[in-house]
Every structure is written in structure tokens, then in C-alpha cells.
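Since the structure is predicted, the reported quantities are computational estimates derived from the model, not experimental observations.
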Amino acid sequence: MEKEKKIKKKRKGRVFRILARILLGISLFFVLLILFIRSPWGQNIIVNKATSYVSDKTNTKVEVERLFITFAGNIHLEGLFLEDKTGDTLIYSKNLEVDVPLWPIIRGKGIAVDKVEWEGLTANIIRRDSIQGYNFQFLIDAFASEESETVEQKDTTTSSTPFILNRINFSDFDLVFTDDVMGIDSRLKLGELNLRIKEMDLEQMQFHITNAEIKDSDIYYLQTLAFPEPEDREDSAMPRIIVDNLDIINVTADYQSITDGLAAIAEIGELSFKLPKADLSENSIDINYFGLHNSNISLNITFLSEKLEEEVSDAIVVNDTGISFTWPDWIANIKEIAITNINLEYSLDDAKPVAGTFNANALTLQDFNFEANDIYLKEQS
């Protein structure tokens, strides 16, 4: 009996030693893998393999200065350059760091991105005609066959994967989007964009932003062609949005729509916004505070546009007693509005204001101030 007990103890000890060696080997493997990824030698191998693979597949120039995973688990990418088929810059990224915790993904809890910090992004998205398509079409074509094979091998059943995004910090962006087919010419020069997100449910379309900030930015948008009529499709869920605090500082927006006869320029010095509820499915908006200071706003409407004339005529109902007014189907509550030092310009068909003469088609207000509390729109009042 004692001999059998000794044999059993030896077997148990041997099993524990084997398990310990396996765990030690796995741990050592991960440590060596992290050291390999973090070492300049390992980074060069990974970067060269990745860039050579994409460059060979697309026959374009691809460069990456550094690509590694930090000790905190963050993905860090520096100096990404990708050209299009004409040799022009398609994308250049100076510095990108993404914090994606692996444990929620391993547990099947979805993808959680704690932080995205992106500095110095340049992108040029261009489409000259419908035959050649966008200037990034070669990327889709290069990897289309591999993606189709992967899709065929996967299960056809669909499942929604939760996606969580907590913090975004963007700075120094220069984005160009030109689509000659759709008649769009636009550009965004973004100084800073900072977001803190408490809730983001893409399936239920519910968003709660605790803090949003846009600073030192220029937005330009020109629409030269009418959009095609939308095809019949199922109605998607309308979003429900909460914004605890929004600040827009030193931002210029230039919007022009030739087909709609609208031209608006807004030079925003400082805009503050607190939105406890915006339920677009119920047409309901609650605003705690709206502040606009040290800004210039101009609006020009051209009635020569046939489309605009039709829209205005459809919105106005004329009966025997004249023009009737229809209340909008919205519920709005605004607790406080503060507007100071604003210059406003409004013109219809490029009409010019004349000093000493009132012209409803040409209005100019300088150093305009307005303060109000408890403004509401509900129940036709």
C-alpha cells in the first residue's frame, strides 16, 4: 500500500511539473513576443513585411516609420504614407495611438476602444467619374478576392457585436473630399476635436456625450449638382442624443448649395451648448443652455432656383383669408439663451441694404445682443 501511495505521489508530482513547465513556456513565449515587437529589430521586420505586402498587392508606394504595441497594450502607428495610382498623396498619418483592451474581446463582450489619439492626418478622397470610381478603388480591387473567399468560408448567420468608444482626441487634420459625379467639393481643416463618450449604442441609436470640443477649424462645402432621388428603403431608427457640454471655439464654416440657392458663412468665435435630450424619433428637444458670442453670420438665399421656389410654394398654404400658418410638429424647451456681440447679414437674391431704408430682403444687424429664458414650443403655442 505504501509503495502504491508513493507511486501515486510521484505521478501527481510529475503532472504538476509538466503543467508548470507548459505554463512557464507559454509565459516565456509571450514575454519574448512582446520584447520582439517592442525591439527596433522586431518593429523593422513587422513594418517591412506589412508595407511590402500592401505595396506588392497595390503596386503603389507604402511607407511606415514605426508600428508597435506599447506595454499598456496600445497600438501605436507613426508616419503612415500611402499614395494613389497617380502618385499623389492618398493618406498620410503622422501619429496614431489606439487603446483597445484585449480582455473584453476575449470574453466576447464586444470591442471596447478606450482611447483614440490621432495627430496629423492628411487624406484626399477624389472621384472624377463613375467609371474609374474613387481614387482608393485600387485598394478594394486588390483585396476583393481575399475578402470574398473569407466571407464564403464564414457562417452566414449575422450577429451584432457591441462596440464601445470612450475617448477621441484628433488634431491637425486636413481632409479633402471631391466627388464630381455627386457635385461635391469639400474640405475640412481641423485644429482640435475632443470627445468624451459615456454611451454609444449603435443598434438602438442612443448616444451620450459628456464633453465635446471643436477648436481652430475651417469647414468648406460646395454642392453644384442636385442629389438623386432616394430609393425606397426601410426607415432606420432615429437617434436619441444627450450632450452634457459642447464648445465650439474659433471655427469657420462656408456652405454653398447652387441647386438649393443657399449660401451661408459662419465665423464662430465661441459657441456653448448643453443638450440634456434630443429624441428625434419623438421630435422632442430640450436645451439647458445655448450661448453664442463674438461671431459673424451671413445668409444669402437665391429665389431664382426653381427647386427652392417649389419648396417655398408647397410650404405656404393660401386660403380665402390669406396665408395660413401651420405649427411644426415639434416639442422644444430652451431654458437659457445668451447671444452677445453678433453681426448678422441676410439677403435675398443678392439684395443690398440701404442706410435709412427698411428692406426685408436685405437686413444687417451689428453688435447684436439677445438674452432669454424659458422659451418653449409645444401644443401649438
| task | Show your working on side chain to side chain donor-acceptor pair (under 3.5 Å) between Glu267 and Asn296 and close with a plain yes or no. | result | CA-CA 5 Å; Glu267 299 174 352; Asn296 302 316; 3.0 Å; yes
| query | After noting the C-alpha distance and the side-chain angles of Leu292 and Ile297, does the key distance pass the side chain to side chain contact (heavy atoms under 4.5 Å, CB included) rule? | reply | CA-CA 11 Å; Leu292 180 62; Ile297 300 174; 3.9 Å; yes
| Checking side chain to side chain contact (heavy atoms under 4.5 Å, CB included) for the pair Leu90/Glu83: CA distance, chi angles, key distance, verdict? | CA-CA 5 Å; Leu90 179 63; Glu83 68 177 13; 5.8 Å; no
| field | Asp179/Tyr134 under side chain to side chain donor-acceptor pair (under 3.5 Å): CA gap, chis, key distance, verdict | value | CA-CA 8 Å; Asp179 191 336; Tyr134 290 103; 2.6 Å; yes
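Contact check for Thr210 versus Asn245: no side-chain heavy atoms found under the 4.5 Å cut-off. Between Asn369 and Ile339, every side-chain heavy-atom pair lies at or beyond the 4.5 Å cut-off. In this structure, Asn294 and Ile268 have side chains that are not in contact, with every pair of non-hydrogen atoms separated by 4.5 Å or more. With a 4.5 Å cut-off on side-chain heavy atoms, Leu121 and Leu96 do not count as touching. Using a 4.5 Å heavy-atom threshold, the side chains of Ile285 and Leu275 count as touching. In this structure the side chain of Tyr220 reaches within 4.5 angstrom of the side chain of Gln256, judged on heavy atoms. Contact of the Met182 side chain with the Phe227 side chain is registered, since non-hydrogen atoms from C-beta on lie closer than 4.5 Å. For the pair Ile301/Leu262, a side-chain contact is recorded, criterion being any heavy-atom separation below 4.5 Å from C-beta on.
The hydrophobic clustering, which links ILVMFWY residues whose side-chain heavy atoms are closer than 4.5 Å, places Ile265 and Tyr346 apart.
When each of Asn169, Asn211, Asp247 is paired with Asn194, the side chain to side chain donor-acceptor pair (under 3.5 Å) condition holds for Asn169 and for no other.
One finds a salt bridge joining Asp174 and Arg187 here, because a Lys/Arg side-chain nitrogen approaches an Asp/Glu carboxylate oxygen to under 4.0 Å.
When only modelled atom types and interatomic distance are considered, Ser347 and Asn300 share a side-chain donor-acceptor pair under 3.5 Å. For the residue pair Trp118 and Ser93, a side-chain donor N or O sits within less than 3.5 Å of a side-chain acceptor on the partner. Of the N and O atoms on the side chains of Ser55 and Lys61, not one donor lies less than 3.5 Å from an acceptor on the other residue. With hydrogens and angles left out, the side-chain atoms of Glu97 and His76 include a donor and acceptor closer than 3.5 Å.
For the residue pair Lys352 and Ala362, the shortest heavy atom distance occurs at C-CB, 3.6 Å. Taking both residues in full, the closest heavy atoms of Val64 and Thr51 are given as CG2-CG2, 3.6 Å, listed atom of the first, atom of the second, then distance.
Remark: Ile242 pairs with His208, Arg240, Asp244 by the side-chain contact (heavy atoms from CB on, under 4.5 Å) rule, at least two apart or across chains. For Ser217, the side-chain contact (heavy atoms from CB on, under 4.5 Å) partners are Leu190, Ile214, Val251, not counting sequence neighbours.
In this structure, Phe81 belongs to a hydrophobic cluster whose other members, linked by side-chain heavy atoms under 4.5 Å apart, are Tyr92.
Remark: Lys115 NZ is packed, more than 12 non-hydrogen atoms of other residues, nucleotides or ligands lying under 6.0 Å away. When the shell of 6.0 Å around NZ of Lys85 is examined, it contains more than 12 heavy atoms from other residues, nucleotides or ligands.
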